There are 2 protein chains.
Amino acid sequence: MVEHKKSCLLCNNKSECFKQLTDNELVFANSNRAEISYRKGEMIAKQGNFYTHILYLQSGMVKVYKELPDSSNLILSIFGVGSLIGLPFLFKNQILDYSVAALEDTTICAIDRHAFEKLIHENGEFAAEVVNQLNYCTLYNYDRLVSLTHKQLNGRFADTLLYLSRVVYKANPFILTLSRKDLAEYTGVSVMSVIRAIKDFKNDGIIDINGNKIEILNFNQLERISKTG
Amino acid sequence: MVEHKKSCLLCNNKSECFKQLTDNELVFANSNRAEISYRKGEMIAKQGNFYTHILYLQSGMVKVYKELPDSSNLILSIFGVGSLIGLPFLFKNQILDYSVAALEDTTICAIDRHAFEKLIHENGEFAAEVVNQLNYCTLYNYDRLVSLTHKQLNGRFADTLLYLSRVVYKANPFILTLSRKDLAEYTGVSVMSVIRAIKDFKNDGIIDINGNKIEILNFNQLERISKTG
DNA sequence: TTAAAATGATGATTTATGTCATCAAACTTG
DNA sequence: CAAGTTTGATGACATAAATCATCATTTTAA
């Protein structure tokens, strides 16, 4: 277990928007905060539950996903260190409309939603940074809509690999902590198709894969597949 | 052409967030505002252009869509009176990443993006309302991702019809101002498939269609198709 | 007012990708 | 450490929906 931070005031691991707060506001935030650790695979928040806290990712990695009526899932997003989770429900629903689960051992700060909403109301600089974060999300979702509706298997999986390398792991040979099922649920295809795409890309020398280690060998071709796929 | 409003201060047609502004701030907003009218079919903003203004929809209806490399389109959203368009690019790109076109004769207020950003920074109440609007968008996009990736033709088109009746036209027999092509680009399927879905739904007595007038006869069954489809 | 262009409709064919069945390998867990 | 469970892989088959070809109808523009 990670040692708990003494206070938001002393935290040198703040998300962008918390950097905009005054000392008083940080003390206020701290008094509405809890720090929790999860093991890989554990569920952090469950779709259908009450929405009570914004989650800040101190360490680890999580998936945010919709649980669908046919008991399949759609992974909406994968978040790494420094992300705020749950922003879209601010000023809204009492009910959480997606689930969050740990892809690796993960520590989060849970901040009371009403405290967070109060900070937005009272501090425009903080609010502006929240808008900024939300907008990353929105533009990313638009690109996903394009990818998932207008590209076929290889193009979509190329997008997934590029996203993993550039955004999620921020590395090129990277250690995959997602299962094939996760990859399928993110790419919006069947597990079968993911496996086939991996085999194809490996055969074509676009990627190399050894156990959990994936290396993208030919970014250009992957980009090309993403565009034409 | 619509008569131009004298000032934001006197406007009784304000969007939610502008209701949060002080008189001074409204005067400031007004001094950074232009009012423009478009004919049905006209392009209001072009993907790839510089992003300079937030658009407020005074009257009419617009589509916001991505122009894709294969020269097909994906309609991201359809906006009616009272909507703010362009929020996702605040604090971001200089470049607009989607296009906006009028589906009916339309009048918009164009507000300088920097003026808008200044208002967010300086007024937390205004910012909170902007966050609120953005979050509608985000949650809606999540539902769309589910609809477009995990439902097939009939389910997706059922979603489209429900969205048109409940959100866009807010009426049940409604006059369709979208072409079959628009419907296809919104539903993410081919024009052919839209036509077939309309025929099927009509044959099954779920909808009635006469020229441009569509009536949903059986909401329950449409909901059922949306869920199972 | 006619010509041209865009939109709407129908049926036949093709194809991408999902489902199913089966098996191998690798973790869990008692 | 062995039994059971999850995860990864492969091939055969089924199917939803796209593409293509064709034609009717409406709208736009000369």
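Quantities reported herein were computed from a predicted structural model and do not represent experimental measurements. So that the names make sense, note that chain A is the first sequence line, chain B the second, and so on, each numbered from 1.
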In whole angstroms, how far is the [atom2] atom of [N] from the [atom1] atom of [X]?
{"X": "A:Glu185", "N": "D:dT7", "atom1": "CD", "atom2": "C1'", "answer": "13 Å"}
{"X": "A:Leu103", "N": "D:dT7", "atom1": "CG", "atom2": "P", "answer": "13 Å"}
{"X": "A:Lys151", "N": "C:dA16", "atom1": "NZ", "atom2": "P", "answer": "18 Å"}
{"X": "B:Lys181", "N": "D:dT27", "atom1": "NZ", "atom2": "P", "answer": "17 Å"}
{"X": "A:Asn154", "N": "C:dA16", "atom1": "CG", "atom2": "P", "answer": "10 Å"}
{"X": "B:Arg180", "N": "D:dT27", "atom1": "CZ", "atom2": "P", "answer": "12 Å"}
{"X": "B:Leu183", "N": "C:dG8", "atom1": "CG", "atom2": "P", "answer": "8 Å"}

Candidate nucleotides [options], ranked by approach to the side chain of [X] - the nearest:
{"X": "B:Gln152", "options": "C:dG18, D:dG8, D:dA16", "answer": "D:dA16"}
{"X": "A:Ser179", "options": "C:dT19, D:dT19, D:dT7", "answer": "D:dT7"}
{"X": "B:Leu153", "options": "D:dG8, D:dA17, C:dG8", "answer": "D:dA17"}
{"X": "A:Ile195", "options": "C:dT17, C:dT10, D:dT10", "answer": "D:dT10"}
{"X": "A:Lys199", "options": "D:dG11, C:dG11, C:dG18", "answer": "D:dG11"}

>> Could you walk me through whether B:Phe157 and B:Thr187 satisfy the side chain to side chain contact (heavy atoms under 4.5 Å, CB included) test, starting with their C-alpha distance in whole Å, then the side-chain angles of each, then the deciding distance to 0.1 Å, before giving a yes or no?
In response: CA-CA 6 Å; B:Phe157 191 62; B:Thr187 314; 3.9 Å; yes

> Between A:Arg166 and A:Glu223, does at least one N-O distance fall below 4.0 Å, as a salt bridge requires?
Replying inline: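 A salt bridge links A:Arg166 with A:Glu223.
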
> Of B:Met192 and B:Arg156, whose nearest nucleotide on DNA chain D comes first from the 5' end?
Replying inline: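 The 5'-side residue here is B:Arg156.
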
> Between C:dG18 and A:Ser193, is there an OP1 or OP2 to side-chain N/O distance shorter than 4.0 Å?
Replying inline: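 Yes, such a contact exists.
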
>> Applying the ring pair (Phe, Tyr, Trp, His ring centres under 6.0 Å) criterion to A:Tyr51, which one of A:Phe89, A:Phe116, A:Tyr98 satisfies it?
In response: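 Going through A:Phe89, A:Phe116, A:Tyr98 one by one, the ring pair (Phe, Tyr, Trp, His ring centres under 6.0 Å) with A:Tyr51 is satisfied by A:Phe89 alone.
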
>> Let me spell it out: for each of A:Val191 and A:Asn212, pick the nucleotide of DNA chain C with the closest heavy atom. Which residue's pick is nearer the 5' end?
In response: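 Nearer the 5' end of the strand: A:Val191.
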
> So B:Arg33 and B:Asp112, salt bridge (Lys or Arg N to Asp or Glu O under 4.0 Å) or not? Walk me through it.
Replying inline: CA-CA 7 Å; B:Arg33 167 184 149 271; B:Asp112 183 79; over 6 Å; no

> Counting any heavy atom closer than 4.0 Å, what does A:Val189 reach on the DNA or RNA strands: base, sugar-phosphate only, or nothing?
Replying inline: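 Touches sugar-phosphate only.
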
